[in-house]
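For reference, the structure discussed in these notes is given below.
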Amino acid sequence: QVQLVESGGGVVQAGGSLTLSCAASGLTVSNTAMGWFRQAPGKERQFVGYIAWRGELTYYADFVEGRFTISRDNAKNTVVLQMNSLKPEDTAVYYCAATMRKLWGSRDVGDYDYWGQGTQVTVSS
């Protein structure tokens, strides 16, 4: 079955960087639209960005402001979220998501079929 496992979260000072990885099994990330979402305490799950099902096309939420980059490591069947210039408001559990449909990508949680367990990112001020 499909499984997504996030890793790389932790505690970082404001202005610092973290790299999150999403290791996939049961699907091939190079042919799959993959999204990143986050959820802070008391808030709904929020779209962060996606990489399209084919190629390297990416799209990000406005709050990213050029700070984050999504990419694939096809040899490891992994999707990577590189986060720079982190702010305290970036504190959240970050989730990787995948769809088995041939979508370019989506900002909506309902368009994704599989989710990882999440990894905690805490940005201290």
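Only a predicted model underlies this, so the values are computations on that prediction, with no experimental measurement involved.
When atom types are taken as modelled, the side chain of Asn77 and the backbone of Leu27 share a donor-acceptor pair closer than 3.5 angstrom.
Under 3.5 Å, the side chains of Asp111 and Thr99 contain no donor-acceptor pair of N or O atoms.
You'll find the side chain of Gln46 reaches within 4.5 Å of the side chain of Phe63, heavy atoms only. Residues Ile70 and Val79 have side chains in contact (heavy-atom distance under 4.5 Å, counting atoms from C-beta outward). Side-chain contact between Thr69 and Thr58: absent, with no pair of heavy atoms (C-beta onward) separated by less than 4.5 Å.
Under a hydrophobic-cluster definition in which Ile, Leu, Val, Met, Phe, Trp and Tyr are linked whenever side-chain heavy atoms come within less than 4.5 Å, directly or via other members, Val80 and Tyr60 are assigned to different clusters. If you chain together hydrophobic residues whose side chains sit under 4.5 Å apart, Tyr59 and Val48 never meet in one group. Cluster membership check: Val123 shares its hydrophobic cluster with Leu18, using side-chain heavy-atom separations under 4.5 Å among Ile, Leu, Val, Met, Phe, Trp and Tyr. Trp53 and Val29 fall into different hydrophobic clusters, defined by Ile, Leu, Val, Met, Phe, Trp and Tyr side-chain heavy atoms under 4.5 Å apart, directly or through other members.
Residues satisfying the side chain to side chain contact (heavy atoms under 4.5 Å, CB included) criterion with Asp62, sequence neighbours excluded, are absent altogether. Listed by chain and number, the residues in a side-chain hydrogen bond (donor to acceptor under 3.5 Å, both in side chains) with Thr119 amount to none (sequence neighbours excluded). Residues satisfying the side chain to side chain contact (heavy atoms under 4.5 Å, CB included) criterion with Val11, sequence neighbours excluded, are Thr122. Listed by chain and number, the residues in a side-chain hydrogen bond (donor to acceptor under 3.5 Å, both in side chains) with Gln117 are Glu6 (sequence neighbours excluded). By the side-chain hydrogen bond (donor to acceptor under 3.5 Å, both in side chains) test, Gln13 is found to be paired with no residue, residues two or more places apart in sequence or in another chain being considered. Annotation: salt bridge (Lys or Arg N to Asp or Glu O under 4.0 Å) contacts of Arg72 (sequence neighbours excluded): none.
The stretch residues 10-41 participates, sequence neighbours left out, in these ring pair (Phe, Tyr, Trp, His ring centres under 6.0 Å) pairs: Phe37-Phe47, Phe37-Tyr112, Phe37-Trp115. Pairs passing the salt bridge (Lys or Arg N to Asp or Glu O under 4.0 Å) check and including a residue from residues 34-49, sequence neighbours excluded, read Arg38-Asp90. Residue pairs that meet the ring pair (Phe, Tyr, Trp, His ring centres under 6.0 Å) test with at least one member in residues 72-103, sequence neighbours left out, do not exist here. Within the structure, no pair that satisfies the salt bridge (Lys or Arg N to Asp or Glu O under 4.0 Å) test touches residues 114-125, not counting sequence neighbours. Pairs of residues two or more places apart, or lying in two chains, never qualify as side-chain hydrogen bond (donor to acceptor under 3.5 Å, both in side chains) while including a residue from residues 18-32.
In plain terms, the two heavy atoms of Gly118 and Val93 that are nearest each other are CA-CG1, 3.7 Å. Between Leu4 and Cys22, the closest heavy-atom pair is CB-SG, 3.9 Å. Scanning both residues, Ala98 and Met34, for their nearest heavy atoms gives CB-SD, 3.5 Å.
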Report all side-chain donor-acceptor pairs from residues 81-88 shorter than 3.5 Å, counting only partners two or more places apart or in another chain.
from  : atom 1 : to    : atom 2 : distance (Å)
Asn84 : ND2    : Ser17 : OG     : 2.8
Lys87 : NZ     : Glu65 : OE1    : 2.7

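Taking a 6.0 Å sphere around CZ of Arg101, one finds it holds more than 12 heavy atoms contributed by other residues, nucleotides or ligands.
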